[in-house]
There are 2 protein chains.
Amino acid sequence: MTPMPTAPKPATGLRERKKIRTRQAIRRAAYRLFEERGFDATRVDEIAEAAEVSPSTVFRYFPTKEDIVLSDEEDPVIEAALRARPADEPPLTALRAALHDVMAELWRQPEAVTELRQRMRLVASVPAIRARMHESIGKSGDVLHGAIAERTGRARGDLEIRILTGAVLGALTEALLHWTEEGLEDDLMDVLDRSFRVLEHGLAD
Amino acid sequence: MTPMPTAPKPATGLRERKKIRTRQAIRRAAYRLFEERGFDATRVDEIAEAAEVSPSTVFRYFPTKEDIVLSDEEDPVIEAALRARPADEPPLTALRAALHDVMAELWRQPEAVTELRQRMRLVASVPAIRARMHESIGKSGDVLHGAIAERTGRARGDLEIRILTGAVLGALTEALLHWTEEGLEDDLMDVLDRSFRVLEHGLAD
DNA sequence: CTACCTTCTGAGAGTCACTATCACTTGATA
DNA sequence: TATCAAGTGATAGTGACTCTCAGAAGGTAG
């Protein structure tokens, strides 16, 4: 019986550190090999060897080969940013502001941006990874759904909210893919703004 | 050299008929087994045996096991319905009307509705199939994208159009999943209308 | 420092979706 | 009837992923 079951510790201890390092080693090795010879042409065994672990270990850290590419630790960040917005803002406004904040923060970390580019390149070129991304976006949808339900006072299963989050995520996904196909160099913040403009005013202007 | 390379024949001939029957046999057998024992617990060999063909033949007709569930012959139908709308209608209006038409036609065929229900039940419960559906929706997005680009006079690669189609398809997908999770019995036309209302007016009312 | 426990790792064997190849059958055609 | 093209089945792969179990290594109490 732990006295404070709510505090999950700041992840100190040799064990935790080793796990983080192993995870990183696998992912780095995988990215390198994927860039060198392509996703499909890279076997999991090779990733394991390059990362100096056994194949079993790779699957212990990542349930599928595709999951090595998709980290997915962003959801809670976005959710937090959304909760930080004043409660009287309409959903779309709050969402735009929240995503704006998250992206500004992301852009402050050059290596995070580099990784985003690598990842999007793979997403754009490998169907299996794209499919996986859509799945994970669906899960993000659930999270957003909950947060918006709270702030608008609607029920969790509300159809209209679900439609709204679906529309927003669908729009953003397309915008992100467009950005990727255009060479990953456009101003992503601008792409984001244009997405919300369409969501708010349609194709009008 | 065929005299008329544009006319692909009305699919007469024993060969064609046999192919269609084989395809149907495989799909029917698969649906039955999936309902009986679940998607993951059904091996492709078993589907082949139930359909009285060899496993190789199953893969000749469907590239993956998931594709047995997702027919995907609807895109051209929707596209045609969209092109049939007057050119001066704004995109969202035209899309709603086109989908309205397609769905009304679908509802006129009871067995098509039954199959839709079966399919959606699998989509909702099997992640791999859901992922595949998202992929195929992405392709539908391309089609819609092209059709809307034409009718608005914008370029094919236009970001705003892509955002719009992404939003519409994202909203509709969520609505369809909601419908499925609610038991497949609600009035789907109503769900469709509510989706477009949110797309046009936001969460306002 | 030692003993014990829990967690992590690696090795091995097995399952199953999917691919490639090739001989054989069968519908179309002259 | 002979010939050709297309569809089928058997066989032997490949590679992602699962399960199990023995041993190693971090954490902890005495």
Side-chain angles (χ1 to χ4, degrees), chain A residues 1-3 8-27 29-30 33-34 37-70 122 126-132 135, chain B residues 1-3 8-27 29-30 33-34 37-70 122 126-132 135:
Chain A
M1 283 269 177
T2 3
K9 286 181 185 175
T12 183
L14 177 52
R15 214 165 220 164
E16 307 301 320
R17 268 176 288 146
K18 249 192 170 174
K19 264 164 67 170
I20 291 173
R21 253 187 311 173
T22 306
R23 200 183 170 80
Q24 266 189 357
I26 295 173
R27 186 173 274 145
L33 291 173
F34 291 162
R37 58 184 91 165
F39 181 82
D40 291 325
T42 305
R43 268 169 296 139
V44 173
D45 312 13
E46 298 174 322
I47 299 171
E49 201 186 339
E52 296 184 297
V53 294
S54 76
S56 334
T57 299
V58 174
F59 285 112
R60 253 184 223 109
Y61 281 84
F62 302 97
T64 71
K65 192 175 152 190
E66 289 87 33
D67 283 308
I68 304 180
V69 177
L70 303 172
L122 285 167
V126 183
I129 297 181
R130 201 167 41 242
R132 201 83 186 176
E135 262 307 280
Chain B
M1 282 268 178
T2 2
K9 286 181 184 175
T12 184
L14 177 53
R15 214 165 219 165
E16 306 302 318
R17 268 177 288 147
K18 249 191 170 175
K19 264 164 67 170
I20 290 172
R21 254 186 312 173
T22 306
R23 198 182 172 80
Q24 266 189 356
I26 295 173
R27 187 174 274 146
L33 291 173
F34 291 162
R37 58 185 91 165
F39 181 82
D40 290 326
T42 305
R43 267 167 297 137
V44 173
D45 310 14
E46 298 174 322
I47 298 172
E49 200 185 340
E52 296 185 296
V53 293
S54 76
S56 332
T57 299
V58 174
F59 285 112
R60 254 184 220 107
Y61 280 83
F62 302 96
T64 73
K65 192 175 153 191
E66 288 87 32
D67 283 308
I68 303 180
V69 177
L70 303 171
L122 285 167
V126 183
I129 297 182
R130 201 166 41 241
R132 201 83 187 176
E135 262 307 281

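Predicted, not measured: the structure shown is a model, and the values here were computed from it. Protein chains get the first letters and strands the later ones, always in sequence-line order, with residue 1 at the start of each.
Between A/Ile68 atom CD1 and D/dC17 atom C1' there is a gap of 12 Å when expressed in whole angstrom units. Between B/Phe59 atom CZ and C/dA20 atom P there is a gap of 13 Å when expressed in whole angstrom units. Atom pair B/Asp67:CG and C/dA17:P shows a separation of 14 Å (rounding to whole Å applied). In this structure, the CD atom of A/Glu16 is 11 Å from the P atom of C/dT7, given to the nearest Å. For A/Phe34 and D/dA16, the CZ to C1' distance is 12 Å, given to the nearest whole Å. The interatomic distance linking B/Glu66 (CD) with C/dC16 (C1') rounds to 12 Å, in whole Å. Whole-Å rounding puts the A/Ile47 CD1 to D/dA16 P distance at 8 Å. To the nearest angstrom, C1' of D/dT8 lies 16 Å from CZ of B/Phe62.
The distance from atom CD of A/Glu16 to atom NZ of A/Lys19, rounded to the nearest 0.5 Å, is 5.0 Å. With rounding to the nearest 0.5 Å, the separation of CZ in B/Arg17 from OG1 in B/Thr22 is 12.5 Å. We find the CD1-CG distance between A/Ile129 and A/Leu122 to be 4.5 Å, quoted to the nearest 0.5 Å. With values rounded to the nearest 0.5 angstrom, B/Lys65 atom NZ is found 13.0 Å from B/Arg132 atom CZ.
Looking at every heavy atom in both residues, B/Ile47 comes nearest to B/Ala29 through O-CB, 4.1 Å.
Residue order along DNA chain D, read from the 5' end via each residue's closest nucleotide, puts A/Asp45 first among A/Ser56 and A/Asp45. Take the nearest nucleotide of DNA chain C for B/Phe39 and for A/Ser54: the residue whose nucleotide is more 5' is A/Ser54.
Residue A/Arg60 places its side chain closer to D/dT20 than to any other of D/dA16, D/dG7, D/dT20. When distances are taken from the side chain of B/Leu14 to each of D/dG9, C/dA17, C/dA28, the shortest belongs to C/dA28. Side-chain atoms of A/Lys19 lie closest to C/dC8 of the nucleotides D/dG7, D/dA16, C/dC8.
A close approach under 4.0 Å does not occur between any side-chain nitrogen or oxygen of B/Lys18 and OP1 or OP2 of D/dG7. Taking only side-chain nitrogens and oxygens, A/Thr57 comes nearer than 4.0 Å to OP1 or OP2 of C/dG10. Of the side-chain N and O atoms in B/Tyr61, one or more sit less than 4.0 angstrom from OP1 or OP2 of D/dT8. Taking 4.0 angstrom as the limit, B/Arg15 places none of its side-chain polar atoms (N or O) nearer than this to OP1 or OP2 of C/dA28.
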